[in-house]
Student: 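Mind having a look at this structure? Questions to follow.
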Amino acid sequence: MSIKKMAFIVDKMPYKSETSRLALTHAIASQTVEIHLEDGENVEPVLAFIGAGVLNCLKNQKASEVYGVTTLESHIQNALLTDIKVLICEEDVKKYGLTEDQIIMDAEELGADITSELVPFSTIMSEMESSDHILFF
Amino acid sequence: MGKLTIGCFSSLVGSMTLDFAVKLAEAARKKGHDVDMWLSGNGTMLSKKGQRSFKDYSSLEKTITDLVAGGANVTACEACAEARGFHKEDLISGFGRKSMDWYLASCFSADRVLHIGGE
(Lines give C-alpha, C1' and ligand atoms only; values in the text may rest on other atoms or scores of the structure.)
Protein backbone atom coordinates (compact mmCIF):
# COMPACT_ATOMS: atom_id res chain seq x y z
CA MET A 1 0.00 0.00 0.00
CA SER A 2 1.57 3.25 -1.08
CA ILE A 3 -0.20 6.56 -0.89
CA LYS A 4 1.42 9.77 -2.04
CA LYS A 5 0.07 13.06 -0.84
CA MET A 6 -0.06 15.88 -3.37
CA ALA A 7 -0.83 19.46 -2.42
CA PHE A 8 -2.51 21.60 -5.06
CA ILE A 9 -1.88 25.19 -3.99
CA VAL A 10 -3.84 27.92 -5.75
CA ASP A 11 -2.85 31.58 -5.46
CA LYS A 12 -4.25 32.87 -8.77
CA MET A 13 -7.57 34.66 -8.98
CA PRO A 14 -10.42 33.04 -10.94
CA TYR A 15 -11.30 33.60 -14.62
CA LYS A 16 -8.50 36.07 -15.41
CA SER A 17 -6.48 33.08 -16.56
CA GLU A 18 -7.04 29.34 -16.82
CA THR A 19 -4.67 28.55 -13.97
CA SER A 20 -7.01 28.05 -11.03
CA ARG A 21 -9.40 26.01 -13.20
CA LEU A 22 -6.50 23.72 -14.14
CA ALA A 23 -5.63 23.33 -10.46
CA LEU A 24 -9.15 22.14 -9.76
CA THR A 25 -9.41 19.82 -12.76
CA HIS A 26 -6.01 18.28 -11.99
CA ALA A 27 -6.93 17.80 -8.32
CA ILE A 28 -10.22 16.16 -9.27
CA ALA A 29 -8.32 13.92 -11.74
CA SER A 30 -6.88 12.21 -8.65
CA GLN A 31 -10.18 10.33 -8.55
CA THR A 32 -9.18 8.31 -11.63
CA VAL A 33 -5.40 8.14 -11.20
CA GLU A 34 -5.62 4.54 -9.96
CA ILE A 35 -6.07 3.29 -13.53
CA HIS A 36 -2.41 4.23 -14.15
CA LEU A 37 -1.08 2.83 -10.86
CA GLU A 38 -0.40 -0.59 -9.35
CA ASP A 39 -2.79 -2.24 -6.89
CA GLY A 40 -2.63 -0.52 -3.51
CA GLU A 41 -1.16 2.68 -4.87
CA ASN A 42 -3.07 5.93 -4.82
CA VAL A 43 -2.84 9.70 -4.59
CA GLU A 44 -4.17 11.71 -1.66
CA PRO A 45 -4.94 15.23 -2.89
CA VAL A 46 -5.15 18.36 -0.75
CA LEU A 47 -6.45 21.53 -2.36
CA ALA A 48 -5.53 24.83 -0.71
CA PHE A 49 -6.44 28.39 -1.66
CA ILE A 50 -4.13 31.18 -0.57
CA GLY A 51 -3.61 34.86 -1.48
CA ALA A 52 -5.79 36.00 -4.39
CA GLY A 53 -6.65 32.32 -4.85
CA VAL A 54 -9.26 32.60 -2.07
CA LEU A 55 -11.38 34.60 -4.56
CA ASN A 56 -12.03 31.31 -6.37
CA CYS A 57 -14.06 30.29 -3.33
CA LEU A 58 -16.69 33.04 -3.52
CA LYS A 59 -20.30 31.86 -3.58
CA ASN A 60 -22.86 32.68 -6.28
CA GLN A 61 -20.44 32.84 -9.21
CA LYS A 62 -22.12 33.81 -12.50
CA ALA A 63 -19.58 32.56 -15.03
CA SER A 64 -22.18 30.32 -16.70
CA GLU A 65 -24.36 33.34 -17.50
CA VAL A 66 -21.52 35.79 -18.25
CA TYR A 67 -18.95 33.64 -20.04
CA GLY A 68 -20.89 30.43 -20.81
CA VAL A 69 -18.38 28.33 -18.91
CA THR A 70 -18.65 26.18 -15.82
CA THR A 71 -18.06 28.06 -12.60
CA LEU A 72 -15.10 27.43 -10.34
CA GLU A 73 -17.73 27.22 -7.61
CA SER A 74 -19.08 24.06 -9.26
CA HIS A 75 -15.56 22.62 -9.49
CA ILE A 76 -14.93 23.30 -5.79
CA GLN A 77 -18.24 21.64 -4.97
CA ASN A 78 -17.24 18.65 -7.13
CA ALA A 79 -13.95 18.47 -5.24
CA LEU A 80 -15.88 18.33 -1.96
CA LEU A 81 -18.24 15.73 -3.42
CA THR A 82 -15.25 13.53 -4.24
CA ASP A 83 -13.91 13.93 -0.68
CA ILE A 84 -10.95 16.12 -1.60
CA LYS A 85 -9.76 18.10 1.40
CA VAL A 86 -10.32 21.81 0.62
CA LEU A 87 -8.47 24.36 2.75
CA ILE A 88 -8.96 28.12 2.50
CA CYS A 89 -6.53 30.54 4.13
CA GLU A 90 -8.45 32.49 6.76
CA GLU A 91 -5.91 35.35 6.93
CA ASP A 92 -6.34 35.95 3.18
CA VAL A 93 -10.13 35.71 3.42
CA LYS A 94 -10.01 38.46 6.05
CA LYS A 95 -7.51 40.46 3.98
CA TYR A 96 -10.04 40.62 1.14
CA GLY A 97 -12.75 41.74 3.56
CA LEU A 98 -14.67 38.50 3.14
CA THR A 99 -16.58 36.53 5.72
CA GLU A 100 -17.30 32.82 6.02
CA ASP A 101 -20.88 33.21 4.78
CA GLN A 102 -19.53 34.51 1.43
CA ILE A 103 -17.29 31.47 0.96
CA ILE A 104 -18.16 28.06 -0.49
CA MET A 105 -18.09 25.94 2.62
CA ASP A 106 -20.08 22.90 1.51
CA ALA A 107 -21.72 21.07 -1.36
CA GLU A 108 -24.61 19.70 0.61
CA GLU A 109 -27.04 20.03 -2.30
CA LEU A 110 -24.81 17.64 -4.29
CA GLY A 111 -24.60 15.23 -1.37
CA ALA A 112 -21.02 15.96 -0.26
CA ASP A 113 -20.16 14.67 3.18
CA ILE A 114 -17.21 16.96 3.83
CA THR A 115 -16.92 20.73 3.99
CA SER A 116 -14.26 23.29 3.16
CA GLU A 117 -12.09 24.38 6.06
CA LEU A 118 -11.08 27.96 6.83
CA VAL A 119 -7.67 27.50 8.36
CA PRO A 120 -4.66 29.61 9.33
CA PHE A 121 -1.83 29.73 6.80
CA SER A 122 0.30 27.72 9.23
CA THR A 123 -2.06 24.75 8.73
CA ILE A 124 -1.61 25.00 4.95
CA MET A 125 2.16 25.13 5.46
CA SER A 126 1.95 21.97 7.54
CA GLU A 127 -0.02 20.26 4.77
CA MET A 128 2.65 21.26 2.27
CA GLU A 129 5.42 20.02 4.55
CA SER A 130 3.74 16.63 4.87
CA SER A 131 3.10 16.31 1.11
CA ASP A 132 5.23 14.22 -1.23
CA HIS A 133 4.77 16.75 -4.02
CA ILE A 134 3.53 20.34 -4.20
CA LEU A 135 1.85 21.58 -7.36
CA PHE A 136 1.69 25.35 -7.21
CA PHE A 137 -0.88 26.91 -9.51
CA MET B 1 19.42 7.64 -11.60
CA GLY B 2 16.13 9.26 -10.77
CA LYS B 3 12.94 10.28 -12.45
CA LEU B 4 11.96 13.92 -12.97
CA THR B 5 8.42 14.92 -13.89
CA ILE B 6 8.05 18.41 -15.30
CA GLY B 7 4.57 19.92 -15.62
CA CYS B 8 4.49 22.79 -18.13
CA PHE B 9 1.51 25.14 -18.28
CA SER B 10 3.02 28.18 -20.01
CA SER B 11 2.59 29.41 -23.58
CA LEU B 12 4.84 28.21 -26.37
CA VAL B 13 5.12 31.74 -27.70
CA GLY B 14 4.91 34.75 -25.41
CA SER B 15 7.10 33.61 -22.59
CA MET B 16 10.44 31.86 -22.22
CA THR B 17 9.17 29.51 -19.54
CA LEU B 18 8.84 26.50 -21.84
CA ASP B 19 12.37 27.15 -23.12
CA PHE B 20 13.59 26.83 -19.56
CA ALA B 21 11.60 23.62 -19.03
CA VAL B 22 12.95 22.04 -22.21
CA LYS B 23 16.54 23.02 -21.33
CA LEU B 24 16.06 21.51 -17.89
CA ALA B 25 14.69 18.30 -19.43
CA GLU B 26 17.69 18.15 -21.79
CA ALA B 27 20.11 18.58 -18.89
CA ALA B 28 18.39 15.88 -16.87
CA ARG B 29 18.48 13.44 -19.79
CA LYS B 30 22.18 14.15 -20.33
CA LYS B 31 22.78 13.17 -16.72
CA GLY B 32 20.91 9.91 -17.33
CA HIS B 33 17.68 10.69 -15.50
CA ASP B 34 14.26 9.63 -16.76
CA VAL B 35 12.13 12.61 -17.74
CA ASP B 36 8.36 12.90 -18.12
CA MET B 37 7.02 16.21 -19.41
CA TRP B 38 3.34 17.02 -19.02
CA LEU B 39 2.02 19.79 -21.27
CA SER B 40 -1.24 21.33 -20.13
CA GLY B 41 -3.18 24.54 -20.72
CA ASN B 42 -1.33 26.77 -23.19
CA GLY B 43 1.69 24.49 -22.81
CA THR B 44 0.01 21.87 -25.02
CA MET B 45 0.99 23.88 -28.09
CA LEU B 46 4.58 22.70 -27.66
CA SER B 47 3.43 19.27 -28.89
CA LYS B 48 1.87 20.57 -32.13
CA LYS B 49 3.73 19.75 -35.29
CA GLY B 50 4.45 22.26 -38.03
CA GLN B 51 5.84 25.03 -35.82
CA ARG B 52 7.51 27.61 -38.03
CA SER B 53 10.74 29.09 -36.83
CA PHE B 54 11.10 32.88 -36.69
CA LYS B 55 14.10 34.69 -35.32
CA ASP B 56 11.84 36.80 -33.12
CA TYR B 57 10.56 33.73 -31.28
CA SER B 58 12.26 30.77 -29.72
CA SER B 59 11.74 27.55 -31.64
CA LEU B 60 11.51 24.33 -29.68
CA GLU B 61 10.09 21.72 -32.06
CA LYS B 62 13.43 20.24 -33.11
CA THR B 63 14.83 20.25 -29.57
CA ILE B 64 11.78 18.59 -28.08
CA THR B 65 11.55 16.05 -30.93
CA ASP B 66 15.20 15.11 -30.34
CA LEU B 67 14.47 14.78 -26.63
CA VAL B 68 11.63 12.36 -27.31
CA ALA B 69 13.80 10.39 -29.75
CA GLY B 70 16.38 10.19 -26.96
CA GLY B 71 13.93 8.66 -24.50
CA ALA B 72 12.08 11.53 -22.81
CA ASN B 73 8.35 11.09 -22.48
CA VAL B 74 6.36 14.14 -23.57
CA THR B 75 2.61 13.95 -23.11
CA ALA B 76 0.01 16.64 -23.69
CA CYS B 77 -3.37 17.11 -22.05
CA GLU B 78 -5.95 15.86 -24.52
CA ALA B 79 -8.79 18.13 -23.36
CA CYS B 80 -6.57 21.25 -23.34
CA ALA B 81 -5.41 20.44 -26.89
CA GLU B 82 -8.88 19.72 -28.25
CA ALA B 83 -10.19 22.98 -26.71
CA ARG B 84 -7.52 24.79 -28.76
CA GLY B 85 -8.55 23.07 -32.02
CA PHE B 86 -5.44 20.95 -31.96
CA HIS B 87 -6.30 17.35 -32.75
CA LYS B 88 -4.55 13.99 -32.55
CA GLU B 89 -3.35 14.19 -36.16
CA ASP B 90 -1.57 17.48 -35.34
CA LEU B 91 0.56 15.86 -32.65
CA ILE B 92 4.32 15.53 -33.22
CA SER B 93 5.19 11.88 -33.86
CA GLY B 94 6.22 10.05 -30.69
CA PHE B 95 4.41 12.42 -28.34
CA GLY B 96 1.53 11.25 -26.15
CA ARG B 97 -1.94 12.65 -25.44
CA LYS B 98 -3.61 11.68 -22.19
CA SER B 99 -6.04 12.85 -19.54
CA MET B 100 -4.91 14.76 -16.44
CA ASP B 101 -4.73 11.65 -14.26
CA TRP B 102 -1.67 10.58 -16.30
CA TYR B 103 0.23 13.57 -14.89
CA LEU B 104 -0.66 12.66 -11.33
CA ALA B 105 0.45 9.07 -11.93
CA SER B 106 3.73 10.36 -13.34
CA CYS B 107 4.16 12.55 -10.24
CA PHE B 108 3.41 9.50 -8.11
CA SER B 109 6.43 7.63 -9.42
CA ALA B 110 8.74 10.66 -9.74
CA ASP B 111 11.63 11.38 -7.41
CA ARG B 112 11.15 15.09 -8.05
CA VAL B 113 8.30 17.10 -9.58
CA LEU B 114 8.84 20.52 -11.07
CA HIS B 115 5.46 22.09 -11.70
CA ILE B 116 5.84 25.17 -13.89
CA GLY B 117 2.57 27.06 -13.79
CA GLY B 118 0.90 29.08 -16.47
CA GLU B 119 0.48 32.79 -16.89
Side-chain angles (χ1 to χ4, degrees), chain A residues 1-48 50-53 56 67-70 75 78-79 82 84 128 131-137, chain B residues 2-15 17-18 20-21 24 34-47 73 75-86 96-119:
Chain A
M1 188 79 171
S2 173
I3 307 291
K4 291 213 175 161
K5 185 170 167 181
M6 292 187 197
F8 297 80
I9 310 297
V10 185
D11 87 333
K12 303 292 186 302
M13 63 174 67
Y15 305 112
K16 186 180 178 190
S17 79
E18 189 185 13
T19 305
S20 60
R21 181 179 297 273
L22 287 171
L24 282 154
T25 50
H26 279 77
I28 292 168
S30 61
Q31 299 305 302
T32 52
V33 69
E34 280 175 289
I35 59 172
H36 301 285
L37 301 176
E38 302 293 329
D39 285 350
E41 294 179 340
N42 212 339
V43 166
E44 179 194 339
V46 178
L47 181 59
I50 60 171
N56 288 277
Y67 298 118
V69 297
T70 52
H75 281 305
N78 283 333
T82 51
I84 294 175
M128 287 195 277
S131 293
D132 293 287
H133 298 301
I134 297 169
L135 307 180
F136 192 82
F137 287 86
Chain B
K3 178 186 164 188
L4 176 67
T5 293
I6 306 173
C8 305
F9 291 69
S10 284
S11 304
L12 172 62
V13 175
S15 95
T17 307
L18 278 185
F20 165 75
L24 182 72
D34 290 331
V35 174
D36 277 359
M37 283 188 82
W38 170 247
L39 306 174
S40 187
N42 287 335
T44 52
M45 300 312 285
L46 177 58
S47 62
N73 184 342
T75 298
C77 173
E78 185 169 32
C80 299
E82 288 293 328
R84 288 162 174 78
F86 154 28
R97 259 164 64 110
K98 303 277 186 189
S99 51
M100 295 174 188
D101 47 20
W102 181 90
Y103 176 46
L104 303 188
S106 176
C107 293
F108 182 93
S109 58
D111 295 293
R112 292 286 184 274
V113 174
L114 187 65
H115 178 95
I116 302 173
E119 289 72 26

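Convention: sequence-line order gives letters A, B, ...; per-chain numbering from 1. Atom set for the values below is all heavy atoms of this structure, side chains included, hydrogens, waters and symmetry mates excluded. Bear in mind that the values here come from a model prediction, so they are computed numbers and not experimental data.
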Student: Non-hydrogen atoms of chain A under 4.5 Å away: do they reach the side chain of B/C77, the backbone, both or neither?
Tutor: neither

Student: Output the option from A/D132, A/V43, A/N42 having the highest count of non-hydrogen pairs under 4.5 Å with chain B.
Tutor: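 Among the listed options, the one with the most contacts to chain B is A/N42.
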
Student: Closest heavy-atom contact between A/L22 and B/G41?
Tutor: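 Nearest pair, atom of A/L22 first, then B/G41: CD1-CA, 3.8 Å.
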
Student: Mind checking whether B/H115 and A/F137 have side chains closer than 4.5 Å, heavy atoms only?
Tutor: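 The answer is yes; the side chains approach within 4.5 Å.
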
Student: Chain B heavy atoms under 4.5 Å from A/S17: which part of the residue, side chain, backbone, both or neither?
Tutor: side chain

Student: Answer whether the closest heavy-atom distance between the side chains of B/L104 and A/M6 falls below 4.5 Å.
Tutor: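 Sidechains of A/M6 and B/L104: in contact.
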
Student: Taking atom NZ of B/K98 as the centre, does the number of heavy atoms from other residues, nucleotides or ligands within less than 6.0 Å exceed 12?
Tutor: no

Student: Any idea which heavy atoms bring B/A110 and A/K4 closest together, and the distance?
Tutor: O-NZ, 4.3 Å

Student: On a heavy-atom basis, which atom in A/H26 and which in B/S40 lie closest, and how many Å separate them?
Tutor: CE1-OG, 3.3 Å

Student: Does anything in residues 36-45 of chain A form a salt bridge (Lys or Arg N to Asp or Glu O under 4.0 Å)? List the pairs, not counting sequence neighbours.
Tutor: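 Found none.
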
Student: Heavy-atom distances under 4.5 Å only: say whether A/I35 touches chain B with side chain, backbone, both or neither.
Tutor: side chain

Student: For a side-chain contact (heavy atoms from CB on, under 4.5 Å) with B/F108, tell me which candidate from A/V33, A/I3, A/L37 qualifies.
Tutor: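 Checked A/V33, A/I3, A/L37 against B/F108; only one passes side-chain contact (heavy atoms from CB on, under 4.5 Å): A/L37.
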
Student: Nearest heavy-atom pair of B/D101 and A/H36: which atoms, and what distance?
Tutor: OD1-NE2, 2.9 Å

Student: Among B/I116, B/T5, B/V113, which residue has the highest count of heavy-atom pairs closer than 4.5 Å to chain A?
Tutor: B/V113

Student: Name the member of A/T19, A/T32, A/L135 that forms the most heavy-atom pairs with chain B at distances under 4.5 Å.
Tutor: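 Sorted descending by pairs with chain B, the first entry is A/L135.
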
Student: What pairs meet the salt bridge (Lys or Arg N to Asp or Glu O under 4.0 Å) rule with one or both residues in residues 7-34 of chain A, with sequence neighbours excluded?
Tutor: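 Checked against salt bridge (Lys or Arg N to Asp or Glu O under 4.0 Å) - neighbours excluded - the pairs reaching residues 7-34 of chain A are A/E18-B/R84.
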
Student: Taking atom CE of A/M128 as the centre, report whether more than 12 heavy atoms of other residues, nucleotides or ligands fall under 6.0 Å from it.
Tutor: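 Yes - once you tally the heavy atoms of other residues, nucleotides and ligands closer than 6.0 Å, there are more than 12.
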
